[in-house]
Every structure is written in structure tokens, then in C-alpha cells.
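So you know, we letter chains A, B, ... as the sequences are listed, proteins then strands, and number each from 1. This structure is a prediction, so every number in the text was calculated from the model and none was measured.
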Amino acid sequence: MTALTPPPTACSFPEPGNCRDGGRPIQAYILRRLLQTVYVLLVLSVVVFWLARLAPGDPVLARLGYGFKSDYPSQATIDAMRAELGLDQPIPIQYLAWMGTLARGNLGVAIQSKKPVGELVWQKFQKSFPLALTGIAIGVTLGVTLGVIAGTRPFTWLDNTISTVSLFGIAAPSFWVGLLLILFFAVWLGWFPTRGYAPIGADSIHVRHLVLPGLTIAIGLVGSLTRYMRSGMLDVMTSDYIRTARAKGMAQRVVILRHALKNALLVVVTIIGLEFAAVLGGSIVTETVFQWPGMGLMLRNAVALRDYNVLQILTLVIATVYVTVNLAVDIAYGYLDPRIRYE
Amino acid sequence: MTVTARRSAPALEEARPWWYRWLQIWRSYVRNRTAVFGLAVVLGFTILTIAAPLYAPYDPTFPNTKDALSAPSWTYLFGTDDIGRDVLSRVIYGARVSLQVGIFAVLIAAIVGILAGVAAGYYGRWIDSTIMRIVDAILAFPGLLFAIFLVGVLGPSIRNAMLAISITFIPGFARPTRANTLAIRETEYVMSAQAIGATDWRIMIRAVIPNLMSTVIVQLSLAMSVAILVEAGLSFLGLGVQPPTPAWGSMLGEGREYISRAWWITTFPGLAIFITVIAFNFIGDGLREALDPRQRRA
């Protein structure tokens, strides 16, 4: 939630003198972050497992078909089924058993389609991934460009316009943005399809389906990215080495592209980590708006169908993606800015 | 002359009533035009929402079937939806849900988060590590995913949506509170309070929490803007308010089916969400400037 406003010191740029790769080796830092990630993933699985037990309804009765058949099963049948499902064990044992089956790659079966959940999630992942990637690519390109333009011309009309527009990206809910895009570009102009998915390889149709949902995710990202990028550029542009570069008589364009942008781009790395939660949340909603058959739509349908098994696995998978991306971002940052390793 | 002046200065400082500081903050706040606009919008919406039954043109849940999907006109300013309910009335009543969830869910999160953060920062040791590990566990989830999961497990309802939103916002209050408490604990006034034998409880209430307030207040308004977005997202997915109660998010969800024939069903509630969220953002930015003397305008 703090992502809405740039932190007081938007980012820390390595001063030229600090850039030497001395001190702690990167390996120790990576190892530390890896251990943290394993810990976080364990906590995640415990939370998901424990909360899923809160779901209303008795899985034993559901298995025995109570509610469809009118007769209430006998206590002996219930006990037998309970033992068969392992539900007579204490919760920690149940958790370990569940983790055991997960580790063996058995993620259970979806209630409606009766297909293995693991296979379904993988199929959906392959559809969600290109969408999220498109969104991030458009979002980063737009956000960096707008941020650099605004940050190098502070307090001009162009900067004010960009800042106002970026506020739109922050405050407009992605499902509304998606619907507006559908309204303008699909319904009124007819340039793109209103919804749905086309497999990769189906000529230009795939790309045409990808544009509007990708743009929707991108707009959610552009707002905050532009803000961070702008304040990052502002910081860099007043630093000593930019003044030196200017004093040497370098052209403004070269100063910005070669010196300022390189350092300000570190912001993007951090933001991808911070905003990846927003991208994931945005894709859940965006996939529903555009009926894009990815993990987001699957999650929504799992909730609607009360398919707790799919819900549980999917939550775990999406959270794992999130945690992994943040790990990758931190490691990348550790390489780019050695000071981070000392924290 | 200079001697008397120097002597009377601290006396003047003491003579100022307790609310003088808040008056100063208020004066600084109202100098900021966008911040005043934000406050006006939120207050205006709140009053409009409370007074909704007095002026809303139609019953927001009554289906006027023969007028279904009619475009905006003088009879129906914002048009009607697929079963003929007045969109304007539904937008007016929908503000109730958004503001309620936004304000209350965040207030609950703030109270829990502040208490947890103060306890963690003040007592340290195992209390600190236990509380902060729980906070880390919440943070490991991307916010909306956790809310969806929790509501999915507990069943969709406005109460569960509020609960889920509250839980996801606790870290946002607990972490800065803990960090500030750690700093405040080391100050001289806390040490002197300890020296004269004040109880921990008294120190936390009288010394620690008042000094946290400026951080918390800024965080409150920003969190409310995000909470309104999350609630709208949950309602859009059908996980928040259940029909027929109008909510901005669910109106967008229901109107999605008719977007090619009736743009008004989705446009107006979306605009309402947008304006409200922007208003809370403006308030947050204004408060940050007003409360932080370094940023205060001359």
C-alpha cells in the first residue's frame, strides 16, 4: 500500500566511489535470501493449509455424497472415510501428509472437470504468463519513458500533465480501465476483439487478443512506475557526476541517456518486485474482464464453484511465483548495488 | 529588552493550548488546494450517502423491467441496467458499501496494527519476533490474492471481505509503528517516565502512541484509498457484497455483460470509484505535507 507514494529517498544510487565490489561476497547474500525464501514458502503453505480447514462443509460428508442422497451415512461409514482421508490424524500430521503428497507431485483433482490440478494449473500458467509479460513490457516501457520525460523537465506543463495522467493509472481500478478500453477500442472502433483468447501461432489473432488485456495490466503499472522514475531522475539529475558530465560540455541527450538513465533504471528493478503483487492482482481481475483463460480466471471460477482444492493449490502457486520474483529481484539488486548486501 | 523577550518566549510556548499544533497543521493543510478538494469530495460523498433516501430518484433495488437498458435521459440521468434498475440511485447507494468497507476495514487494521506494532517495538524479544513473523506471513501474499483466498474459503459476503481487507492491511500499520516505537522508546521523556515509575501501559498510551499519530494519519488515508480499490475488486469478482445490494464493484461486474449495448452501466460506477480513490490520495498527500514540518509550505 505504501507503493502509492514514492518513499522519501526514492532509491539509493551508488556513488561512483562506492561501486567497487569489495566487502561481502554476493554468494553469502544469495544464500541468506534463499533461506529466507524457503522459510516464507513454508509459512505460506502452513497458512494456506490451516485456513483451508476453515471452509464450511464436511469433506467426509461431501465425499459420501450426503446432500445428494437423502440418507445420512452411518457413524461407522463416516469414521472409516475419515480414517481413509487421514482426517482422524492431528492437524500437524495432516499438514505433513499433505506436503508429502504435494512433494510427490500429486496436487489432487479438480472437482468439476475431474482432471489433475497440477496439469490444469500448468495449462493456465502458460496462458497467463504471456499476458503478464506483455503487461509488464508495455508498462515498463511507458513508465520509464514518461518518468524520464517528466523527471528531466520538472515543474513544466509536460511534467504536470504526465503526473496527472499517472495519477489516473494509480486511482483507476484495472477492471474499469479494461472495460473502458473494451468500450473504445473494441465496441466503438472495432479494432480488437472484446474478449477471449487465441492460441499462439494463430497468426495475428493471438496478438490482437493480447493487446487490450496487456494494456490494462500495463496501465496499472505505469502510474506508480512513472512516479518513482520521475523522482529517481530528479535525484540523479542534481547529483555531482551529472554536473561534472555537463561541465565537460556533454550534450543533454548523452547526459540523460548514458549517465542519468543508467542509474535511475535501478528503480525499475525495485519497482518490479514491489509492484509484482499489483501485476498479479491486476491479472486476476483483468483475466476476468477479458475472459482470458489463465490462472486468474481459474482462481475466480474455483471460488465460484467452491473448489477448495484448486483454490488452495492455485493460491500457493501464485504466491510462490510472487515470492520467487521478489527473490530474483533482490538477487539482481544485490549484483547491481553492492551496498544492499550489507543490510 | 532582549532579556525579557528571551524570558517570555518559552512562557508563550507553554501558554498555547493543546490544540494549537493541530490548528497549525490545519492551516497548512487548507493552503493545499488539491488536499482541500480531496477532503471536500470525501465529506460530500459521506453526507450524500447518509442522506441518500432523501433524494435518490428511485429505489436502487427496484427493477423497472419495461425500462431495462435505457440510455441516460432526464428520467434516468445515468440510464438503467439490464433489469431496469436506476444506475444513478445505485451509484448513490453503492457509496455506502465502498465508504463503509474502506473506512472501517482500515480503522480495524489500524487499531490491530498499531497495538501489535507498539507491543512489538516496546517489549522486544519474543513478543517482537512472534508478532513480526505473523506480519511477515501476511506480507508474503500479494494483497488481493490473500483477500480472494480468504473470502473463497469463508464464503463471499461483505463481512468476510472486510475481514480479509483488514488482515491484509495490518502489516502496513504494524511495521512503521514498530520502527517508530523503537526510536521513541529510547527518547529521554520515555526514560524519565520509566524513572518516575510510570507503568508500561501509561507510557504506551501517553507517550508512545501520541508521537506515532502523524505517521499513522497519513497511512490511514492512503490505506483507505487502496481498501476501496480492493473492495471494488472483490465485489467485481462477485466476492464482496451480494446482490441485490448495490456496490460499485459489483455494478461493474454485472454491467460487463452489456458493455457493447449499454456503456452507462459500467462507466458511472467506475468514475465514482476513481474520484473517491483520487480524493483519498489527495488527502493523504496533503496530510503528509501538513504534518511533516520539513515539507510544510511557508
Side-chain angles (χ1 to χ4, degrees), chain A residues 1-5 8 36 39-41 43-44 46-48 51-56 167-168 170-180 182-183 186-188 194-195 276-282 284-285 288-289 299-300 302-304 306-308 311-312 314-315 318-319 321-323 326, chain B residues 133 136-156 168-169 171-172 176 218-219 222-223 225-230 232-233 236-239 248-249 252-253 255-256 259-261 263 266-267 269-271 273-281 284-285 288:
Chain A
M1 66 192 70
T2 42
L4 273 179
T5 47
Q36 268 173 16
Y39 164 78
V40 166
L41 287 176
V43 172
L44 272 176
V46 172
V47 172
V48 167
L51 284 178
R53 305 301 98 175
L54 297 177
L167 198 60
F168 178 85
I170 291 171
S174 50
F175 43 93
W176 188 50
V177 172
L179 288 169
L180 286 181
I182 292 178
L183 198 60
V187 176
W188 288 347
T194 53
R195 62 175 62 186
F276 197 71
V279 171
L280 283 176
I284 296 171
V285 173
T288 308
V289 174
L299 187 72
R300 194 211 163 277
V303 174
R306 301 281 162 88
D307 192 335
Y308 299 118
L311 182 63
Q312 203 171 330
L314 212 49
T315 305
I318 299 178
V321 170
Y322 173 63
V323 171
N326 270 296
Chain B
R133 287 302 81 77
D136 286 345
I138 303 172
L139 273 179
F141 288 92
L144 188 63
L145 177 72
F146 184 78
I148 292 176
F149 176 66
L150 204 63
V151 173
V153 167
L154 298 177
T168 51
F169 280 85
V218 174
Q219 185 71 9
L222 294 178
S225 79
V226 183
I228 288 173
L229 279 176
V230 175
F236 173 78
L237 295 171
L239 301 177
W248 294 339
L252 282 159
R256 182 175 63 90
I259 182 113
S260 51
R261 281 186 288 161
W263 55 269
T266 48
T267 305
L271 208 57
I273 300 173
F274 176 63
I275 293 172
T276 315
V277 171
I278 280 227
F280 274 108
N281 263 309
D285 289 344
R288 196 205 325 275

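In this structure, chain A has no heavy atom under 4.5 Å from any part of B:Ile138. No part of A:Leu314 comes within reach of chain B, as not one of its non-hydrogen atoms sits under 4.5 angstrom from that chain. Contacts of A:Leu179 with chain B are made by both backbone and side-chain atoms, with heavy-atom separations under 4.5 Å. Contacts of B:Thr276 with chain A are absent, with no heavy-atom separation under 4.5 Å from either backbone or side chain. If you measure heavy-atom distances from A:Val285 to chain B, the contacts under 4.5 Å come from both the backbone and the side chain. Looking at A:Val48, both its backbone and its side chain come within 4.5 Å of chain B, counting heavy atoms on both sides.
With sequence neighbours excluded, the residues satisfying ring pair (Phe, Tyr, Trp, His ring centres under 6.0 Å) with A:Phe168 are B:Phe274. Every residue meeting the ring pair (Phe, Tyr, Trp, His ring centres under 6.0 Å) condition with B:Phe141, not counting sequence neighbours, appears here in chain and number order: B:Phe146.
Using a 4.5 Å heavy-atom cutoff, the side chains of A:Val303 and B:Val151 are not in contact. A:Trp176 has its side chain within reach of B:Leu271: a pair of non-hydrogen atoms, C-beta onward, lies under 4.5 Å apart. At a threshold of 4.5 Å between non-hydrogen side-chain atoms, the residues B:Ile259 and A:Leu183 count as touching. Taking 4.5 Å as the limit, some side-chain heavy atom of B:Phe236 sits within range of a side-chain heavy atom of A:Val289. At a threshold of 4.5 Å between non-hydrogen side-chain atoms, the residues B:Leu237 and A:Ile284 count as touching.
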* Residue pair B:Phe149, A:Ile318: steps toward the side chain to side chain contact (heavy atoms under 4.5 Å, CB included) verdict -> CA-CA 11 Å; B:Phe149 176 66; A:Ile318 299 178; over 6 Å; no
* To do: Test B:Val153 against A:Leu311 for side chain to side chain contact (heavy atoms under 4.5 Å, CB included), laying out the working first.
  => CA-CA 8 Å; B:Val153 167; A:Leu311 182 63; 3.9 Å; yes
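Among A:Val43, A:Leu44, A:Asn326, the residue with the largest count of heavy-atom pairs under 4.5 Å with chain B is A:Leu44. Of the listed residues A:Val323, A:Val40, A:Thr288, the one with more heavy-atom pairs under 4.5 angstrom with chain B than any other is A:Thr288. Counting heavy-atom pairs under 4.5 Å between each of A:Phe175, A:Tyr39, A:Trp188 and chain B puts A:Phe175 at the top.
Separating the CZ atom in A:Arg300 from the CG atom in B:Leu239 is a distance of 7.0 Å, to the nearest 0.5 Å.
Closest approach of B:Pro142 to A:Ala319, counting heavy atoms only: CD-CA, 4.4 Å. Across B:Ile278 and A:Ala171, no two heavy atoms sit closer than the pair CG1-CB, 3.3 Å.
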